[in-house]
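Note that this is a predicted model, so its numbers are computed, not measured.
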Amino acid sequence: MKSEITISELANVMNVSVHQIRYFEEKGVLEPAYTDNNQYRMYGIDQIYQLSHILLLRKLGVSVQSIKDCMTSYSADQYRKLLHHSLREIDAELMRLKELQQFIKKVLQEQQNFNSQSNHYQIKRRDTTYFARWIEMDSHTKPNAKLLAEQAKHVPNLFESDIHYIYDDSSTTTLCLETHEPGDICLLEGNYLSIQSLVNDEEELEQMIEQLYDYAAAQSYTLAGPLILIERSYLSLISKNELHFELQILIESAANSEKGNRT
DNA sequence: CTTCTCACA
DNA sequence: TGTGAGCA
């Protein structure tokens, strides 16, 4: 009764493919204990240890080629460095996943918001927020691929953010992205008249804007800032061929106008 | 069941 | 850095 096992048994024990084991052999990191008369590779307990070491190093991101060097010549100190390096990479990956997690939560949240709030005018409290200027264009052109390519600084995960179009008094539209630090543009805190809606084309958007101004006039709101259009393109993923927009415009709050009336 | 080689991502 | 097909 021999104590060695065949390649498929080893593959089973270690949860890897037969192919992979032969691949490691080809790269010179794992030799069988011996080869049987029938040309079958046979593996013993030493190879099981050896293979688990290889798999561990692979998990740490070490290339098969480097594993060869590791196992022949690495000092304890070199292993320590290797582990530190892997740790930093894991941290980075963790960051990446956390950001993805945050994004998913945000999509679900905004999706909820949209379902409960769409097509209703409401007053929203906004804290002061800062934006980085991204693209500027005159108000009758709309974004196209060329514009983006020519003007845009590269922004990672662009369409995962809320893109703010700010229509100020001049005939320029500024596309902005929110920043944490004070940036190019600042939106004042206050009460914003707001509506969000699904839009099929440019015309529907124009209508939406017109209706907002009509509504504001009907309610006798005093408009106190630029019109802000927020595009949430990540929500458009969910509803085909429609874009999610929110309009916001700062209005003078009741408190302010009362104060104004008294003085 | 194993071996090897080849093409393919 | 592996996988899958095909062959002996």
Side-chain angles (χ1 to χ4, degrees), chain A residues 1-108 111 143-150 152-161 163 177 232-241 243:
Chain A
M1 183 69 190
K2 50 187 173 198
S3 58
E4 286 77 18
I5 56 178
T6 66
I7 196 168
S8 62
E9 287 175 305
L10 180 62
N12 256 315
V13 168
M14 304 301 294
N15 272 309
V16 294
S17 67
V18 169
H19 258 98
Q20 213 175 338
I21 296 172
R22 278 199 289 257
Y23 179 71
F24 290 148
E25 181 179 336
E26 184 186 316
K27 294 296 165 189
V29 291
L30 180 68
E31 292 295 318
Y34 65 93
T35 307
D36 218 346
N37 306 330
N38 53 14
Q39 299 295 312
Y40 287 12
R41 295 163 174 82
M42 300 303 287
Y43 300 89
I45 188 71
D46 291 351
Q47 283 69 47
I48 293 180
Y49 279 97
Q50 178 85 343
L51 181 51
S52 61
H53 289 159
I54 295 168
L55 294 173
L56 176 59
L57 289 171
R58 286 298 295 120
K59 280 200 230 171
L60 297 182
V62 183
S63 71
V64 174
Q65 193 47 242
S66 316
I67 287 176
K68 194 175 179 176
D69 309 336
C70 286
M71 309 228 282
T72 57
S73 65
Y74 259 34
S75 66
D77 193 55
Q78 281 172 301
Y79 273 114
R80 200 182 49 79
K81 285 202 175 96
L82 181 68
L83 291 172
H84 270 111
H85 179 76
S86 301
L87 191 58
R88 281 198 303 277
E89 298 208 319
I90 297 289
D91 286 342
E93 183 69 358
L94 229 40
M95 275 301 169
R96 195 184 68 78
L97 289 173
K98 276 182 185 164
E99 275 168 25
L100 187 57
Q101 184 187 45
Q102 278 309 111
F103 173 65
I104 291 169
K105 283 181 181 171
K106 180 175 139 181
V107 172
L108 286 170
Q111 151 93 306
N144 58 54
K146 197 75 184 172
L147 239 175
L148 259 61
E150 283 169 0
K153 292 169 280 189
H154 180 251
V155 178
N157 304 338
L158 175 58
F159 291 103
E160 295 175 17
S161 25
I163 304 171
L177 297 160
R232 298 203 175 86
S233 50
Y234 51 86
L235 281 186
S236 305
L237 175 73
I238 295 155
S239 53
K240 274 210 156 54
N241 300 327
L243 290 174

Extract from the structure each pairing of a protein N or O with an N or O of nucleotides 2-4 of chain B at less than 3.5 Å, listing the distance.
from  : atom 1 : to      : atom 2 : distance (Å)
B/dT2 : OP1    : A/Ser8  : N      : 3.0
B/dT2 : OP1    : A/Ser8  : OG     : 2.3
B/dT2 : O4'    : A/Tyr40 : OH     : 3.2
B/dT3 : OP1    : A/Arg41 : N      : 3.0
B/dT3 : OP1    : A/Arg41 : NH1    : 2.9
B/dT3 : OP2    : A/Arg22 : NH1    : 2.3
B/dT3 : O5'    : A/Arg41 : NH1    : 3.3
B/dC4 : OP1    : A/Arg41 : NH2    : 3.4
B/dC4 : OP2    : A/Arg41 : NH1    : 2.9
B/dC4 : OP2    : A/Arg41 : NH2    : 2.6

Tell me: [atom1] of [X] to [atom2] of [N], nearest whole Å?
| X | N | atom1 | atom2 | answer |
| --- | --- | --- | --- | --- |
| A/Gln65 | C/dG2 | CD | C1' | 15 Å |
| A/Gln20 | B/dA9 | CD | C1' | 16 Å |
| A/Ile21 | C/dT3 | CD1 | P | 11 Å |
| A/Ile54 | C/dG2 | CD1 | C1' | 14 Å |
| A/Glu26 | C/dT1 | CD | P | 12 Å |

### Summary
Paired to C/dC7 by Watson-Crick or G-U wobble criteria (both distances under 3.5 Å) is none
### Ionic contact status for A/Arg88 with A/Asp91, cut-off 4.0 Å
no
### Summary
Closest non-hydrogen contact found for A/Val107 with A/Leu235 is O-CD2, 3.9 Å
### Message
Counting only heavy atoms not in A/Asn38 (residues, nucleotides, ligands), do more than 12 fall under 6.0 Å from its CG?
### Response
yes
### A/Lys106 atom NZ, over 12 foreign heavy atoms within 6.0 Å
yes
### Task
With A/Arg41 as reference, evaluate A/Glu25, A/Gln47, A/Glu31 under the side chain to side chain donor-acceptor pair (under 3.5 Å) test and give the passing residue.
A/Glu25
### Message
Could you check whether any side-chain heavy atom of A/Tyr43 comes within less than 4.5 Å of a side-chain heavy atom of A/Ile21, counting everything from C-beta outward?
### Response
yes
